[in-house]
Peer 1: 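First the structure, then my questions, so here it is.
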Amino acid sequence: MIAEVIIDSSVKTLNRIFDYEIPVDMEVKVGARVFVPFGNKKSLEEGIVVNIKENSEYKVKPIASLQKEQIAEEYINLAKWMASRYFCNIADCLRLMLPPGRTSKNISNRVKEKTVNFITLAKDVEETQQDIEAGKIKSEKQKNILEFIINNGNATVQDIELFTDASSSIVKTLIKNGYLETNNVQVERNPFLHKAVVKTVDLDLTDEQETAYNSIQNSGKYLLHGITGSGKTEIYLRLIGKMLKQNKTSIMLVPEISLTPQTVDRFISRFGEEQIAVLHSKLSIGERYDQWNKIKTGEAKIVIGARSAIFCPAQNLGLIIIDEEHDESYQSEMAPRYDAREVAEYLAENKNIPLVLGSATPDMNSFYKTQNGDYKLLSLTKRANNSSLPTVEIVDLRQELSSGNKSMISRKLKEEIEKNLERKKQTILYLNRRGFSTFVMCRDCGYTVKCKRCDITLTYHKYQHKLKCHYCGYEQNELTECPECKSKNIKYFGAGTQKLEDEIKAMFPDATTIRMDVDTVSKKNSHEQILNKFKDENIDILIGTQMVVKGHHFPNVTLVGVIAADGSLNIGDFRANEKTFQILTQVAGRAGREKDEGRVIIQTYNPDNYAIEFSKSQDYNLFYNTEIDIRKQLKYPPFCDIIVMDMSAKNIAELQAVAKKIHAYLKKRVIDEKFGLLLYSPVPSPIDKIKDRFRMRIIIKCKYDERIKNLLNDSLNEFYKMKTTTARVAVELNPNNML
Ligand code: ADP
Ligand code: ZN
Ligand code: ZN
């Protein structure tokens, strides 16, 4: 018999399937992890068996040895499905399913250090891989270390020594040569576990909770739509409890940023920490290995983790929950660019187990699925602890300006902050700023320039003095005068939290403030620590970007101010309204979660925009009904799929050549074979240069199917045939982030 083996290496050229003979005395199944001879190499390579067949057309070598551990066959199938769905290599997908460190060695007497220094790549992954492929790294051990870090991210020197058999001196050499760097970060050993917590018991469910809970059967897909604080988590706890009684494992995914000790504590206090495993990116590789093992052995029956935890080796999986299912972090932005929700659907269907997606503001696509019968809708319309929803007031910034107030804070918001300071209550000020794009708006009438063909806000390209559409490439000159009201009061937006903090300090010199954004949240000062400080030291005002929206429960916060709701309305993305509504609803949900009533002030130049208007009543259904009609008219998801071919290269001429070639190929096929799709010409990406790489893309609007998948794969192959040096092409299906 012959085994088809994928060599487990991050070297791209090895991403092919190779045939090996199965020795008669060896029991090899699909999913087996094996060692095989490869090329002229003296050492054996690790590989995974993905298929077994009778014969090979090649003269093949035998498998050398078999490892104890293996991947379950259904996960091999999942990897194959992913590779085809997300246009990536099976090897990259399989890697997500291997234990951290990819070892089956016994490493149980590893040093359990209290604090660690992480070793990470100094260059980016692709650059490092290119250097390896180009033969710039001669030593086998150095290569092993780099591949280990590529596959596993953070690792300590001790981890590297244990998992790769290399010594610390080789790590030092790699640091000296600029391939690795040390992050002098002190990290506690799994800060999420090993804590004493007060035991809690099941609460009596409210009628709504009871109905929702009882509707969830032993299989099927459910969307639990419940307003913030409606008791969704309590339902998750009940479902997990039910699974435990049947000796089944549950996986619960939460957005990375919400994966805080507070979140995990609720589960520990109900079920005890022995049967809980937590997987997240802040763990060192050794710690992740421990957690993985706890799952693999079946000791952990509850897995709480971010996106990639969906691939953990859960034993007797009985339930998958995805909390805050609308969150962008469920879609991977690195290869393989999978969507954890789709992977969860695949697993739930194949294993015939229930999938529960929960959100206060479901993704448009998910809610649409409740309408066409894919998902069953479960609704929670009331807060579980009887606290009322906050009152929301919208302030028109155009009026502020016309009455002479040029500051970022309206008179109404200033008044409310003053009141809050007097009452010793806390305030959160939120600056809705996404991505890097700047847009242009008339400060007198709120007018922004949109592309007539795409209904997308044009983005300002400063150096060319042009406004461009990120979808179709339409461009026009920058504005000096508003076409609507003829005002010359035109402003670029993209204002910062720093400026806001300065204004607040000048306005309220006695108030204490704390700021949270990408600049203040470094590895040393995690967002977690800033939020704890805000809470524990009862700081008056927290100023932040979208990081403040999720995860935490602040009993003393009674006022939330949104400085400019327009930021997310003008992100050059068809989901701008959806994202605005989601963010405003989530941020409003931070206020008044206890006895004291919460107040929310939303400042905007577009008070008539429906996403902003509907967030006043926090009425999701109203928003959904309006938005879905627009999506239908303009042919956006869920009625149509958007495919982005992302192309980049270090050299602009090379990039343009690649773009031209791929586009010409696609165009010819589309015309010849009468594909009913919309193919746009290559345009510079919204962020047209990142880290010295120029970026362009081709957008296709279509109803995605097998035929289109093949077309895209063929065009990728067309690219692989080109002799390029630095160019890369990736295909994304409905990417969450269009930047
Ligand atoms: P969500 O996950 O929908 O935001 P939570 O589950 O966190 O909501 O519930 C919000 C608050 O209501 C929590 O303090 C929780 O303890 C409380 N709660 C939830 N369900 C009940 C219930 N059935 N009875 C009393 N309090 C409840
Ligand atoms: Zn105007
Ligand atoms: Zn356009």
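Each ligand, and each atom within it, is numbered from 1 in the order the structure gives.
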Peer 1: Measure from atom 7 (O) of ligand 1 to every heavy atom in E234, R266, R383 and give the option owning the shortest one.
Peer 2: R266
Peer 1: Atom 11 (C) of ligand 1: which protein heavy atom is closest, and how many Å away?
Peer 2: N385 ND2, 4.0 Å
Peer 1: Provide the number and element of each atom of ligand 1 under 4.0 Å from a heavy atom of A384.
Peer 2: 12 (O), 18 (N), 19 (C), 20 (N), 21 (C), 27 (C)
Peer 1: How far is atom 1 (P) of ligand 1 from its nearest protein heavy atom, and which residue and atom is that?
Peer 2: K232 N, 3.5 Å
Peer 1: I need the atoms of ligand 1 closer than 4.0 Å to a non-hydrogen atom of D204, numbered in the order shown.
Peer 2: 22 (C), 23 (N), 24 (N)
Peer 1: Are K294 and Y289 in a cation-pi contact, defined as NZ or CZ under 6.0 Å from the six-membered ring centre and within 45° of the axis?
Peer 2: no
Peer 1: Taking the six-membered ring for Trp, are Y368 and F639 ring centroids under 6.0 Å apart?
Peer 2: yes
Peer 1: Looking at K579, R307, R341, R575, which hits salt bridge (Lys or Arg N to Asp or Glu O under 4.0 Å) with E328?
Peer 2: K579
Peer 1: Any donor-acceptor pair under 3.5 Å linking the side chain of Y620 with the backbone of P362?
Peer 2: yes
Peer 1: Please work out whether the ring planes of F623 and F614 are parallel, tilted or perpendicular, with thresholds of 30° and 60°.
Peer 2: perpendicular
Peer 1: Taking only heavy atoms of G231 into account, list the atoms of ligand 1 that are under 4.0 Å away from them.
Peer 2: 1 (P), 3 (O), 5 (P), 6 (O), 8 (O), 9 (O), 19 (C)
Peer 1: Mark the output for S230 as yes if a heavy-atom distance to ligand 1 is under 4.0 Å, and as no if none is.
Peer 2: yes
Peer 1: Counting heavy atoms only, which of T233, L380, L205, L203 is nearest atom 2 (O) of ligand 1?
Peer 2: T233
Peer 1: Below 30° counts as parallel, above 60° as perpendicular, anything between as tilted: where do the rings of F574 and Y636 land?
Peer 2: parallel
Peer 1: Do me a favour and list the nearest non-hydrogen protein atom to atom 20 (N) of ligand 1 with residue, atom name and distance?
Peer 2: Q209 NE2, 3.0 Å
Peer 1: For K296, does its backbone N or O pair with a side-chain atom of Q315 as donor and acceptor, under 3.5 Å?
Peer 2: yes
Peer 1: Tell me which protein heavy atom sits closest to atom 10 (C) of ligand 1, plus the residue, atom name and distance to 0.1 Å.
Peer 2: G229 O, 3.6 Å
